[in-house]
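Everything below concerns the one structure shown next.
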There are 2 protein chains.
Amino acid sequence: MGNKFTIEEDEVKKWNLRMPEEMLTAVANRFKLLSEPMRLKIIRTLCENERTVQEIVNEISASQANVSKHLALMHDNGIVNRRKEGLKCYYSIADNSIIFACYLTSKSVVENLQDRLSWLQKVES
Amino acid sequence: MGNKFTIEEDEVKKWNLRMPEEMLTAVANRFKLLSEPMRLKIIRTLCENERTVQEIVNEISASQANVSKHLALMHDNGIVNRRKEGLKCYYSIADNSIIFACYLTSKSVVENLQDRLSWLQKVES
DNA sequence: TGGTTATATAGTTATTTATTCATACAAATC
DNA sequence: GATTTGTATGAATAAATAACTATATAACCA
């Protein structure tokens, strides 16, 4: 409760140094997993709690097959956990940094849009 | 210098609430921009300083045409700035949260790989 | 004006992948 | 065992796009 996430800016800047090629590909792949609106929708339903496939299908409007495939992909890549209970299969977020990345990116995208909008308004007036 | 970036975990969890469809698509699109190793390579060269297209081409091994297209794409989407000076064209990171997202994701991916590795070692022994 | 340099852009190809439909599998219940 | 329910998967299709080649643009210089 009231947990804080803190990072030193200097530490961030070191990101550019000495990252081997395979790591770069792995990072790109992680971003690719987050680059589909449908998967973000699914991830969003998992933010609060674990969910069954059917629950997800009901919350977002998508076919069972499609949701199942996206979940399988995310599970294979270790960003969601799977828990079976009888017929049902519960999925949950495996790594909170996923949510964090989504949050950060959302904020940044919103700010970006706002900047462009205010620029547009300046030009118009 | 010594700047810190802090976020409340509770704030992050609110990400799932009331985000309109277009925002989700915009966020997905931002992630898609970061989902190509070649673009990450380019971004990495821009971490320290602005760079000309040729400088980037020389640093990473890629064709001028390809680098130029990636830069154009990133510029169109507002994640790099462009500054012309004579014949040369200098690009730079438009939004530090990009670097931050890369850093976070890299860390998370590394931890994920380490977890899988230690799990594998447990299974083997 | 002609030539050189830095960057951008068409057109093309090959690859990836999200989605759909149909079906398979597997656990529970009758 | 047969049926129902929840989930996974294979095949097919359509759309997106990274990379290449060749060419265009545009600024600088002789």
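The chains referred to below are lettered A, B, ... by the order of the sequence lines, with proteins before strands, and numbering in each begins at 1. From a predicted model like this one, the values you see are computed outputs, not experimental measurements.
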Please give, in whole Å, the distance from dT17(D) P to Arg39(B) CZ? 9 Å
Taking pairs as Watson-Crick (N1-N3 plus N6-O4 or O6-N4) or G-U wobble (N1-O2 and O6-N3), each distance under 3.5 Å, the stems of three or more consecutive pairs with DNA chain C are C:1-30 with D:1-30
Whole angstrom value for the distance that separates C1' of dT25(D) from CG of Leu87(B): 11 Å
By nearest nucleotide on DNA chain C, pick out whichever of Ser35(A) and Glu85(A) is the more 5' one. Ser35(A)
Could you check whether any side-chain N or O of Asn77(B) sits under 3.5 Å from a backbone N or O of Leu73(B), counting only pairs where one atom can act as donor and the other as acceptor? yes
Glu21(B)/Lys41(A) ion pair, N-O < 4.0 Å: yes
Does Glu36(B) reach a base, just sugar-phosphate, or nothing at all? Heavy atoms under 4.0 Å. sugar-phosphate
Please lay out, stage by stage, how Cys47(A) and Ile99(A) fare under the test side chain to side chain contact (heavy atoms under 4.5 Å, CB included). CA-CA 7 Å; Cys47(A) 272; Ile99(A) 312 291; 3.4 Å; yes
Scan Tyr91(A) against the nucleic acid and name what it touches under 4.0 Å (heavy atoms): base, sugar-phosphate only, or nothing. sugar-phosphate
Quick check on dT17(D): is either OP1 or OP2 less than 4.0 Å from any side-chain nitrogen or oxygen of Lys32(B)? yes
Would Arg30(B) and Ile98(B) satisfy side chain to side chain contact (heavy atoms under 4.5 Å, CB included), going step by step from the backbone distance to the final call? CA-CA 9 Å; Arg30(B) 166 68 61 92; Ile98(B) 306 283; 3.4 Å; yes
Could you state the atom-to-atom distance from CZ of Arg82(A) to C1' of dG6(D) in whole Å? 13 Å
Would you find a donor on one side and an acceptor on the other, under 3.5 Å apart, between the side chain of Thr45(B) and the backbone of Ile42(B)? yes
DNA chain C nearest-nucleotide lookup for Lys69(B) and Glu55(B): closer to the 5′ end is Glu55(B)
Identified side chain to side chain donor-acceptor pair (under 3.5 Å) counterpart of Tyr91(B) within the set Arg82(B), Arg51(B), Arg83(B): Arg82(B)
Among the candidates dT5(D), dT17(D), dT7(D), find the nucleotide nearest to the side-chain atoms of Val53(A). dT7(D)
Do any N or O atoms from the side chain of Ser108(B) and from the backbone of Leu104(B) form a donor-acceptor pair under 3.5 angstrom? no
Sugar-phosphate, base or nothing in reach of Ser63(B), heavy atoms under 4.0 Å: sugar-phosphate
Keeping Asp95(A) on the side-chain end and Ser97(A) on the backbone end, is there a donor-acceptor pair under 3.5 Å? yes
Let me know the distance between OH of Tyr90(A) and P of dA8(D), rounded to the nearest Å. 13 Å
Under 4.0 angstrom, heavy atoms only, what part of the nucleic acid is Ala65(B) near: base, sugar-phosphate, or nothing? base
If I take atom CG in residue Leu40(B) and atom P in nucleotide dA18(D), what distance separates them, rounded to the nearest angstrom? 12 Å
Going 5' to 3' along DNA chain C, which are the first and last nucleotides with any atom under 4.0 Å from a heavy atom of chain A? dT17(C) to dA28(C)
Between Pro37(B) and Thr25(A), what is the shortest heavy-atom contact and its length? CG-CA, 4.3 Å
Please report the distance, rounded to the nearest Å, between CD in Gln64(B) and C1' in dA26(D). 13 Å
Can you find a side chain N or O atom of Asn66(B) that sits less than 4.0 Å from OP1 or OP2 on dA18(D)? no
Here the pair of heavy atoms bringing Glu55(B) nearest to Glu50(B) is OE1-O, 4.4 Å
Looking for any heavy atom pair under 4.0 Å, which part of the strands does Lys84(B) touch: base, sugar-phosphate only, or nothing? nothing
If I take atom CZ in residue Arg51(A) and atom P in nucleotide dT7(D), what distance separates them, rounded to the nearest angstrom? 13 Å
